[in-house]
There are 2 protein chains.
Amino acid sequence: MAKVNVEDLVRDHILRGVFKPSTPLKMEELKERFDVGYSPIREALSRLAGEGLVLAEANKGFRVRPLNRADLYDIAVARCAVEKEALRRSMIEGDDGWESEIVAAMHTYRKKAAAAFDSAETLAAWELSHDRLHTALIAACGSPRLLDLQQRLQEQHMRYRRLIVIPNVRADAHEDEHERLAAVVLERRLDEAVAMIERHMMITVDALDAAGYWTAGPEPET
Amino acid sequence: MAKVNVEDLVRDHILRGVFKPSTPLKMEELKERFDVGYSPIREALSRLAGEGLVLAEANKGFRVRPLNRADLYDIAVARCAVEKEALRRSMIEGDDGWESEIVAAMHTYRKKAAAAFDSAETLAAWELSHDRLHTALIAACGSPRLLDLQQRLQEQHMRYRRLIVIPNVRADAHEDEHERLAAVVLERRLDEAVAMIERHMMITVDALDAAGYWTAGPEPET
DNA sequence: ATGCAACAGATTATCGAAAATATTTTACCT
DNA sequence: AGGTAAAATATTTTCGATAATCTGTTGCAT
């Protein structure tokens with residue numbers, strides 16, 4: 001069998017929703033499913049706990065981190081801190097290569113967005129191109145830590161974004177916030193870009209609020 | 001024997017410099033020293049790797065993360081992103097309780113700073129009060145993630161700060177940047193405070209540069 | 001001498017049994 | 001019935017033996 005990494009495997013399962021929020025991650029079950037011993041599983045879960053996708057309670061094992069509004073809002077706040085600073089630095093330092101990567105990412109994003117609702121696969125492809133675009137924007141920031149933080153926060157955000165089909169993809173491309181954001185970034189209008197990304201971070205929070213998502217069912221806090 | 005957590009134990013050893021930068025963390029040795037089996041050690045080291053204090057290489061084990069200028073600078077950049085945003089939110093949301101905590105932290109800091117150079121213990125106490133002050137400033141930001149990130153970045157920063165005795169404690173308290181920073185924060189002069197903390201983040205970078213620290217010996221990059 | 005392959009020693013990574021801890025069930029008393 | 005204690009079961013967590021991998025060394029051919 002191909003050599004696969006348990007951490008990535010579990011992460012994928014969580015992000016794809018195979019392991020649902022709050023689900024206990026039983027040792028026996030994971031051992032069976034991935035065909036590995038206890039040690040690699042515990043190690044992987046420990047790391048994922050540090051990453052924020054998994055919750056660990058002493059002597060009670062691990063479970064998939066639950067979703068709630070407060071946590072989503074917090075992700076947005078943290079992303080705000082990271083992406084604002086990273087974008088600022090990126091727009092100051094970014095060279096021609098950086099610009100062209102943005103143009104390329106934007107092109108892909110447009111294509112994937114157009115076909116987003118054709119199937120589950122094209123939807124996933126759209127999501128991927130979306131995250132890639134955001135990464136491209138800050139790619140020139142020069143800070144490994146900011147890039148890594150963005151990556152992790154994007155992952156955590158993804159689980160929430162998938163709760164609803166975000167009504168953010170318009171037939172008219174110019175209606176899409178990303179079009180305008182990318183344009184402003186490439187024109188190096190720094191303050192405008194930072195302000196835009198700050199608002200942009202709140203889209204999923206607002207969308208779920210507008211849909212009444214958190215009021216519908218009884219909210220599971222734990 | 002008291003029930004202790006291996007992760008905290010190893011973290012302390014790294015931060016206190018018992019385990020020096022780049023030192024391989026051998027399983028056998030740690031097993032012996034802490035009197036535990038392999039599993040808890042690997043788990044702890046995995047988490048510490050995610051935290052950034054330890055480096056993990058597949059099939060080559062773990063070692064204490066090395067120190068170099070680029071990494072210190074990156075810590076400063078990340079702290080900049082986190083503390084600027086957190087301070088901003090804290091200054092907007094902070095109530096009377098928050099203010100009084102700052103006054104208290106500042107008082108302690110002043111006392112510890114005055115006695116900082118008496119002994120190794122008082123120096124450590126000063127460091128602790130310093131980090132506590134910074135935490136107090138952003139305590140009202142309302143974001144668990146930003147608070148957690150600050151904590152982790154402070155830890156990572158600590159190893160660098162200890163490389164030199166930072167000539168930042170003046171007999172005249174008003175010369176200390178922290179005095180002015182705390183004052184500006186309490187007066188809610190937002191833009192000034194954010195600008196100050198941004199500069200403040202670079203103190204250790206500049207101090208080590210000024211001391212020629214990185215040019216002295218041959219820099220170990222790996 | 002130099003390069004390379006096979007061997008030997010050291011170290012990490014994994015496994016599954018055993019110990020520790022939590023949870024559920026049962027039995028008993030008021 | 002309601003509540004508590006003890007036993008039984010389920011689950012996590014740790015341990016040390018074993019397997020896998022890396023590193024350095026020897027011996028041999030060029």
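Chain letters run A, B, ... following the sequence lines, proteins first, then strands; residues in each count from 1.
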Visitor: What is the separation between atom CD on A:Glu7 and atom P on C:dT14, rounded to the nearest whole Å?
Guide: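 Taking CD of A:Glu7 and P of C:dT14, I get 12 Å after rounding.
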
Visitor: Can you measure B:Glu57 atom CD to C:dT11 atom P for me and round it to whole angstrom units?
Guide: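 So the two atoms are 16 Å apart, to the nearest Å.
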
Visitor: Nearest to the A:Ser39 side chain among C:dA22, C:dT12, C:dT14, which nucleotide is it?
Guide: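 The listed nucleotide nearest to A:Ser39's side chain is C:dT14.
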
Visitor: Taking 4.0 angstrom as the limit, do A:Glu7 and A:Arg11 come out as a salt bridge?
Guide: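 Salt bridge flag = yes for A:Arg11 with A:Glu7.
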
Visitor: Can you tell me how far C1' of C:dT11 sits from CZ of B:Arg42, to the nearest Å?
Guide: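 It is 11 Å, rounded to the nearest whole Å.
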
Visitor: Please give, in whole Å, the distance from C:dT14 P to B:Ile41 CD1?
Guide: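 Whole-Å distance recorded here is 15 Å.
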
Visitor: Checking the side chain of A:Thr108 only, and the main-chain atoms of A:Ser129 only, is there a donor and an acceptor separated by less than 3.5 Å?
Guide: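 No, because the side chain of A:Thr108 does not come within donor-acceptor range (under 3.5 Å) of the backbone of A:Ser129.
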
Visitor: May I have the distance from A:Glu28 (atom CD) to D:dT9 (atom P), rounded to whole angstrom?
Guide: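 Answer to the nearest Å: 17 Å.
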
Visitor: Does B:Asn59 put a side-chain nitrogen or oxygen below 4.0 Å from OP1 or OP2 of D:dC22?
Guide: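 B:Asn59 to D:dC22 OP1/OP2: side-chain N or O found under 4.0 Å.
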
Visitor: D:dT12 C1' sits how many Å from B:Glu43 CD, rounded?
Guide: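 Atom CD in B:Glu43 sits about 11 Å away from atom C1' in D:dT12.
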
Visitor: Indicate, with a heavy-atom threshold strictly under 4.0 Å, whether A:Glu29 touches base, sugar-phosphate, or nothing.
Guide: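 Touches nothing.
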
Visitor: For the residue pair B:Trp126 and B:Tyr109, categorise the inter-ring angle as parallel (less than 30°), tilted (30 to 60°) or perpendicular (more than 60°).
Guide: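 Plane angle between 30° and 60°, so tilted.
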
Visitor: Out of D:dC15, C:dG16, C:dC15, which has the shortest distance to the side chain of A:Val36?
Guide: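 When the side chain of A:Val36 is considered, C:dC15 is the closest of D:dC15, C:dG16, C:dC15.
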
Visitor: Provide, to the nearest angstrom, the distance between the CG atom belonging to A:Leu45 and the P atom belonging to D:dT11.
Guide: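 Spelled out: CG on A:Leu45 to P on D:dT11 is 16 Å.
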
Visitor: Would you indicate which nucleotide in D:dT13, C:dA13, D:dT23 comes nearest to any side-chain atom of B:Lys60?
Guide: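 The listed nucleotide nearest to B:Lys60's side chain is D:dT23.
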
Visitor: When you get a sec, tell me which of D:dA17, C:dC15, D:dC15 is the closest nucleotide to the side chain of B:Tyr38?
Guide: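 Output: D:dA17.
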
Visitor: Once rounded to the nearest 0.5 Å, what's the spacing between atom CZ of B:Arg69 and atom OH of B:Tyr213?
Guide: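 With rounding to 0.5 Å, CZ (B:Arg69) is 13.5 Å from OH (B:Tyr213).
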
